[in-house]
> 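Below you will find the structure I want to go over with you.
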Amino acid sequence: MPAPRIRRLARELAAAPTAAVYGRVGTCTVAFGTLTSWLVDLVNVLTGNLDRPGGAMFPLAAHQRTRAAGPGKGFRTGRWASRVRGLPEVKGELPVATLADEIETPGEGRIRALITVAGNPVLSTANSDRLDRALASLDFMVSVDPYLNETTRHADVVLPPPDPARAGHYDFAFLTLAVRNVASYSPPVMPMAPDSLDECDILARLTLIAAGQGADADPAALHEQLLGQVLADAAEALDRPADELRALVAGDRPAERLLDARLRLGAYGDRFGQRPDGLSLTRLLEHPHGVDLGALRPRLPEVLRTPSGTVELCPPPIAADVARLRDARDAPPEGFVLVGRRHLRSNNSWMHNVPALVKGRDRCTLQVHPEDAAKLGLAAGEDARVTSRVGSLVVAVEVTPDTMPGVVSLPHGWGHDVPGTRQAVARAHAGVNANVLTDETAVDPLSGNVVLNGIPVRVQPA
């Protein structure tokens with residue numbers, strides 16, 4: 001994008017009565033994902049649009065509590081590093097880009113067992129052919145998943161959770177990202193099947209086994225422990241005995257009881273009866289379409305966790321990475337770059353086994369700009385071979401001006417033609433796995449995220 005256009009956009013943002021710059025997955029899965037996300041925040045701050053109505057604001061979900069403003073612990077990465085490649089820890093996690101290394105490389109600390117909960121890393125992880133081979137070499141693997149898919153086919157034990165109609169739902173994750181403060185709970189509409197376990201019981205039992213308490217340990221003990229931790233906070237905040245609060249907790253299942261306690265202690269909660277019009281699980285059940293908690297409100301400096309208690313615009317680790325960006329700008333990749341894309345009906349691999357979501361035209365195609373198609377001798381519907389440093393695949397071509405010259409695009413999550421799965425619908429619409437081409441050695445050094453967009457590739461007729 002030409003620099004004058006960027007400057008014009010910046011001035012328009014600064015002059016607008018209200019404005020917000022917004023980034024999501026697309027800004028996080030590139031070589032400079034952390035820098036890009038940082039710059040998004042900087043534009044919002046420097047144009048006066050941080051934490052004001054019409055700008056970039058912070059929701060307050062019903063299960064969250066407010067805190068007093070003041071300094072926090074700050075944010076650090078790299079408190080430890082991965083065993084093989086020395087990749088930094090981020091928020092207590094290590095990059096999945098090095099999982100195959102940790103499985104394949106001998107030595108103390110080598111991963112020989114794995115638990116997966118949903119997800120499908122054989123299709124969603126960089127250089128997924130290598131990870132596929134690595135999973136096959138594990139001593140033991142257990143998967144909590146409703147599907148026998150490309151990943152769970154390696155599991156020694158597959159533990160299927162109940163179907164969604166038999167499980168309640170409160171969105172702990174996305175309500176913290178909402179554009180308006182709301183709360184809703186969808187209770188189960190069908191009873192649990194006699195031979196099935198609630199998902200929270202499955203996870204509790206796995207936790208107890210991992211803690212050395214054996215397969216016969218009672219999940220109820222762990223559920224009560226978790227609930228007790230929340231009630232201990234409530235007892236301190238409300239100056240009431242925890243046993244008294246436990247007697248007031250509603251809910252037929254462990255997850256519901258934990259939700260009720262979190263709601264009642266949250267920012268809009270009834271504080272276990274002290275605020276009669278406040279939220280609780282009972283109130284959400286009385287409002288099946290949800291409760292509107294109002295528009296977002298300014299929350300600074302309450303939400304800050306920086307050591308200074310202020311917005312710190314230029315963290316040294318991020319500023320230091322700008323030099324890497326300059327170097328990359330002066331050495332653009334040769335040939336083509338591969339980017340992903342998401343379709344509404346196929347955002348994730350599990351959606352490909354639902355007949356209503358895969359009907360219609362084939363969406364697993366290689367999108368190519370008409371100028372590039374002409375240069376390469378590619379025609380719509382014909383096959384092209386795409387090759388990267390780590391892999392190669394053959395895929396049907398879709399010629400479209402929606403893709404920039406020099407860029408080709410493949411959607412992720414496809415590649416359902418491997419043996420050992422039980423997904424008949426997905427197999428009938430197999431497509432190709434774009435992550436055969438992505439490189440697990442290319443990561444954003446600040447976040448550890450693997451680079452999934454902007455992969456250098458060669459394209460030629462198949």
Side-chain angles (χ1 to χ4, degrees), residues 59-66 117-118 144 146 159-178 181-209 211 213 217-293:
L60 179 58
H63 60 276
Q64 293 179 310
R65 299 170 63 184
T66 58
V117 182
V144 182
L159 302 170
D163 62 73
R166 302 178 192 273
H169 181 74
Y170 173 87
D171 209 323
F172 272 92
F174 289 113
L175 288 176
T176 64
L177 305 173
N181 292 317
V182 298
S184 63
Y185 176 66
S186 301
V189 297
M190 296 176 62
M192 192 72 65
D195 58 346
S196 67
L197 282 176
D198 194 320
E199 187 169 1
C200 66
D201 287 330
I202 294 174
L203 298 176
R205 189 161 290 179
L206 288 174
T207 301
L208 292 168
I209 292 171
Q213 297 189 30
D218 187 0
L222 183 58
H223 297 322
E224 283 299 316
Q225 178 183 341
L226 295 174
L227 180 60
Q229 291 171 357
V230 177
L231 294 176
D233 289 341
E236 181 179 356
L238 304 177
D239 193 23
R240 296 167 65 182
D243 290 346
E244 174 188 317
L245 301 181
R246 176 63 182 87
L248 299 174
V249 173
D252 295 329
R253 302 182 183 193
E256 288 185 340
R257 292 190 283 273
L258 192 59
L259 172 60
D260 185 50
R262 291 284 299 272
L263 289 172
R264 301 179 83 161
L265 191 60
Y268 314 91
D270 75 347
R271 301 179 72 80
F272 291 88
Q274 290 183 1
R275 188 189 297 158
D277 59 345
L279 280 186
S280 64
L281 176 63
T282 299
R283 185 175 175 200
L284 289 189
L285 289 171
E286 293 170 350
H287 294 79
H289 301 294
V291 176
D292 183 5
L293 301 170

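As a basis for the values below, the full set of heavy atoms in this structure was taken, side chains included, without hydrogen atoms, waters or symmetry mates.
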> For a quick test of reading the model, state the closest non-hydrogen atom pair linking R271 to A237 and the distance between them.
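That closest heavy-atom pairing would be NH2-O, 4.0 Å.
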> Between P276 and Q274, which heavy-atom pair has the shortest distance, and what is it?
CD-O, 3.5 Å
> Less than 4.5 Å apart, side chain to side chain, heavy atoms only: is that true for S280 and L263?
no
> Taking the side chain from E256 and the backbone from D252, do they hold a donor-acceptor pair closer than 3.5 Å?
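Yes; judged by distance alone, with no hydrogens or angles, the pair exists.
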> Given side chains that start at C-beta, do those of M192 and P162 come closer than 4.5 Å, heavy atoms only?
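They are in side-chain contact.
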> How about T207 and Q213: do any of their side-chain heavy atoms sit closer than 4.5 Å?
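A side-chain contact is absent here, since even the closest heavy-atom pair is not under 4.5 Å.
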> Assess the residue pair V182 and L293 against the criterion (side-chain contact (heavy atoms from CB on, under 4.5 Å)); give the C-alpha distance rounded to whole Å, side-chain angles, the decisive distance to 0.1 Å, and a yes or no.
CA-CA 5 Å; V182 298; L293 301 170; 5.7 Å; no
> Return the CG to CG distance between L203 and L208, rounded to the nearest 0.5 Å.
11.0 Å
> Is the side chain of R283 donor-acceptor paired with the backbone N or O of D277 at a distance under 3.5 Å, no angle test?
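Such a contact is found between R283 side chain and D277 backbone.
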> Are the side chain of Q64 and the backbone of A61 linked by a donor-acceptor contact shorter than 3.5 Å?
yes
> What are the two closest non-hydrogen atoms of S184 and L284, and how far apart are they?
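Taking every non-hydrogen atom into account, C-CD1, 4.2 Å.
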> Taking all non-hydrogen atoms of both residues, which atom of P241 and which atom of A235 are closest, and how far apart?
C-CB, 4.3 Å
> SG/C200 to CZ/R205 distance, rounded to the nearest 0.5 angstrom?
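C200 atom SG to R205 atom CZ measures 11.0 Å (nearest 0.5 Å).
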> Are any side-chain N or O atoms of R246 and backbone N or O atoms of G228, one a donor and one an acceptor, separated by less than 3.5 Å?
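Not confirmed, R246 side chain does not pair with G228 backbone.
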> Please step through side-chain contact (heavy atoms from CB on, under 4.5 Å) for the pair T282 and E286, ending with a clear verdict.
CA-CA 6 Å; T282 299; E286 293 170 350; 3.7 Å; yes
> Can H223 and D201 be said to form a side-chain contact (heavy atoms from CB on, under 4.5 Å), step by step?
CA-CA 8 Å; H223 297 322; D201 287 330; 2.7 Å; yes
> Between Y268 and N181, is there a side-chain heavy-atom distance shorter than 4.5 Å?
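N181 reaches Y268 side chain to side chain.
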> Sub-3.5 Å donor-acceptor pair from the side chain of R257 to the main-chain atoms of G251, do we have one?
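Looks like yes, one N/O pair under 3.5 Å.
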> If I compare all heavy atoms of V249 with all of L231, which pair ends up nearest, and what's the gap?
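So the two residues come closest at CG2-CD2, 4.1 Å.
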> If you round to the nearest 0.5 Å, how far is CG of D260 from CG of D270?
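Going from the CG atom of D270 to the CG atom of D260 covers 7.5 Å.
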> Counting distance only, does the side-chain N/O of Y170 pair as donor-acceptor with the main-chain N or O of L281 below 3.5 Å?
no
> Answer yes or no: is there a donor N or O on one side and an acceptor on the other, between the side chain of R166 and the main chain of P191, under 3.5 Å?
yes
> For the atom pair CG (D233) and CZ (R262), what is the distance rounded to the nearest 0.5 Å?
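With rounding to 0.5 Å, CG (D233) is 9.5 Å from CZ (R262).
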> Does V117 form a side-chain contact (heavy atoms from CB on, under 4.5 Å) with L206? I'd like the steps, not just the answer.
CA-CA 11 Å; V117 182; L206 288 174; 5.9 Å; no
> Nearest 0.5 Å, what's the CG-CZ distance between L248 and R240?
6.0 Å
> Looking only at non-hydrogen atoms, find the nearest pair between P161 and I202 and report the distance.
CA-CD1, 4.1 Å
> Can you measure from CG (L159) to CG (L197) and round to the nearest 0.5 angstrom?
8.5 Å
